[in-house]
Amino acid sequence: MTDTPMREPTFLVLTALAEESRHGYAVIEDVAAMTGGRVRLRAGTLYAALDRLRTEGLIEVDREEVVQSRLRRYYRLTGAGEQSLATETARLRAQATIAERRLQGRRARLGGATT
Amino acid sequence: MTGLERRYRRLMRVYPAGHRAAYEEEMIGVLLSGAPPGRRFPAPADAMDLIRAGLTARLGRAFHLQRGTGWRDAAAVTALFAALLMAGAGINRLIAGLVLWGQGDPLRLHGVDGLMLLDPAMRTVVWPLVVLAAVLGLRRTTVALAVAGVLVQAVVVGLWSVPMNARGLSPVWGLAAGIAITALFAVAVSGRWVRSVLGARGLALAVGGAALAAVTRMPALEGFWVPQGFDQSFFQPGEVIQDWAPVLVLAAATWTAGRWVRRRIAVLSATLFTVVHVLRDVPGLVNVALRGDLGGAEMLSGITVSLLAPVVILGGGLGVLRVLESLADRGHGQVRAHE
C-alpha cells in the first residue's frame, strides 16, 4: 500500500465490490448508478483496473459462470482491499471535512462583511 | 460470431497475449452487453479506450520484464566509470596546466592570468568527490554531487564560449557527459551499492583503468618520463595504450558483475562513449564549415549522421540484448506470461 491517493476508477471499482461480488458488466452498471451516470467505465479501463487490483491482492475471483455461452467472472474484495478502501474513504472524509469547515468559515466571514 | 464481435476481437489484438488469454472472453461479453441492439461497429470511445488500455498493458509488461534485470546495477557501474574518466581528465588537464604555468605560460583567459586553470581545477575537485561518494555507497549524495558536476561543466562551457566562437562549444561534451552521469546515478539510486556489484577488485581495476587513460594522455609530461638522449616519439603512448588498454582494464573490472549486467554495462557505456565522441566532433565540424572549408549541406548531413550514431548504438545494443535474452529463455524452457 502506498500513500498515493487512489484514482477515482479504482476507488469506484472497490466500492462497487464492497457490497457484494459482481461481474464486469455489473461493476460498470453499479458505478454508473453510484455516480448518477457521471462515470461510465469502459471495458478497457475497467479490466486494466481489475487486473491491477488482482495483482495487488485487493480483489480476487469469487466464481465463474457461463451465461449464454459467455464467460462471466465474479470478483470480490479481499481483506487487503477492504483495508485499502477504508483508508482511502477516511482520507477523503478528512479532506471533505476540512473543505466543509473552511467553506463555512468563508461564508461566515463574507456574510459578516456584507452585513 | 457477429460482425461486431469480430471487430471487437480484432481490436483486442492490441493487448499482450497473456492479457488476452486471461480476460478476452470476459471483456468481449462486457463489450457486447454494453452495445445497443443493431450496432455493427465498435463505438469510437470504446475503440479508443481498448487501444489505450492495450498499449498501456503492453508497455507496462515490457517495463515489468525489464525490472530487476540488472539495469540499475549497469547504470551505477557505467556512471562510476564515466565519473572516473571525468576525474582523470580533470586531473590530467590540471597537471598539464600547472606544468605550463611553471614554464611561464600565463594561461590567460578573459584577460585574467591563470583563469584557464579554473576549468581543470573545478573538475579535479568535483568528479573525484562524485567517485568517492559512489564508492562509499552514499547514493543520494552521489547524485547531488553529480548535479554539482553538471553545474561545473556548464561553467566550463561558459568560460570557453566567448573567446573561441564555434570552437568554444568544444567543452559541451563534458556537460553532456555530466548530465548522463547524473541521470545514470539517479536511476541507480534504489539499486545495489556499486561496490557490491563490482567487488573490491573490480573497483581497484576501474580506478586503474581510468588512471591509465589519464596518465597516457599527459602530453605536458612527455619530457619527464623520456630518458635523456632517447627518441621521444618512441616512448609516446600509441592508440593501443591510450584507448584500448584502459577499455580492457575497465572491461575486466566488470567481471564479477555477472553476464547480464556486463552486457548492459557494455550497451550503456558504448552509447555514452558515442555521445561524448559525437559532441567532440560536431563543434569541429561547425568550425570547419565557418572557415568555408565545408558546405552548409555537408555540415548538416555530417551533424545529422553524428547525432543519429548514439541512437543507432543504443537501439542496436538493446536489440542484441533482447535476442540474447530470448535465446537464453528458450534454452531454459521459460515462458513469460502476463500473470
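Here is how names work: the chains are called A, B, and so on, in the same order as the sequence lines, proteins then strands, and each is numbered from 1. What's counted below: heavy atoms across the whole structure, side chains too, no hydrogens, waters or symmetry copies. Just so it is clear, the structure is predicted and the values come from calculations on it, not from any experiment.
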Asks: Is A:Glu82 atom CD crowded by more than 12 heavy atoms from other residues, nucleotides or ligands, each under 6.0 Å away?
Replies: no
Asks: At what distance, to the nearest 0.5 angstrom, does CZ of A:Arg72 lie from OG of B:Ser33?
Replies: 6.5 Å
Asks: Please name the pair of heavy atoms, one in A:Gly44 and one in B:Ala53, separated by the smallest distance, quoted to 0.1 Å.
Replies: O-CB, 3.5 Å
Asks: Which members of residues 63-71 of chain A, sorted by number, sit under 4.5 angstrom from chain B on a heavy-atom basis?
Replies: A:Arg70, A:Leu71
Asks: With sequence neighbours left out, write down each residue that passes side-chain contact (heavy atoms from CB on, under 4.5 Å) with B:Leu314, or none if nothing qualifies.
Replies: B:Val267, B:Thr271, B:Leu318
Asks: Nearest heavy-atom pair of A:Ala43 and B:Leu31: which atoms, and what distance?
Replies: CB-CD2, 3.5 Å
Asks: Which atoms of B:Glu24 are under 4.5 Å from chain A, going by heavy atoms: the side chain, the backbone, both sets, or neither?
Replies: neither
Asks: Identify the residues of residues 40-52 of chain B whose heavy atoms come closer than 4.5 Å to a heavy atom of chain A, ordered by number, or report 'none'.
Replies: B:Ala45, B:Asp46, B:Asp49, B:Leu50, B:Arg52
Asks: From B:Glu26 CD over to A:Tyr25 OH, what is the distance, rounded to the nearest 0.5 angstrom?
Replies: 15.0 Å
Asks: Are there over 12 heavy-atom neighbours, none belonging to A:Arg52, within less than 6.0 Å of that residue's CZ?
Replies: yes
Asks: What's the spacing between A:Tyr47 OH and B:Met12 CE if we round to 0.5 Å?
Replies: 9.5 Å
Asks: With sequence neighbours excluded, what pairs up with A:Ala32 under the side-chain contact (heavy atoms from CB on, under 4.5 Å) test?
Replies: A:Arg40
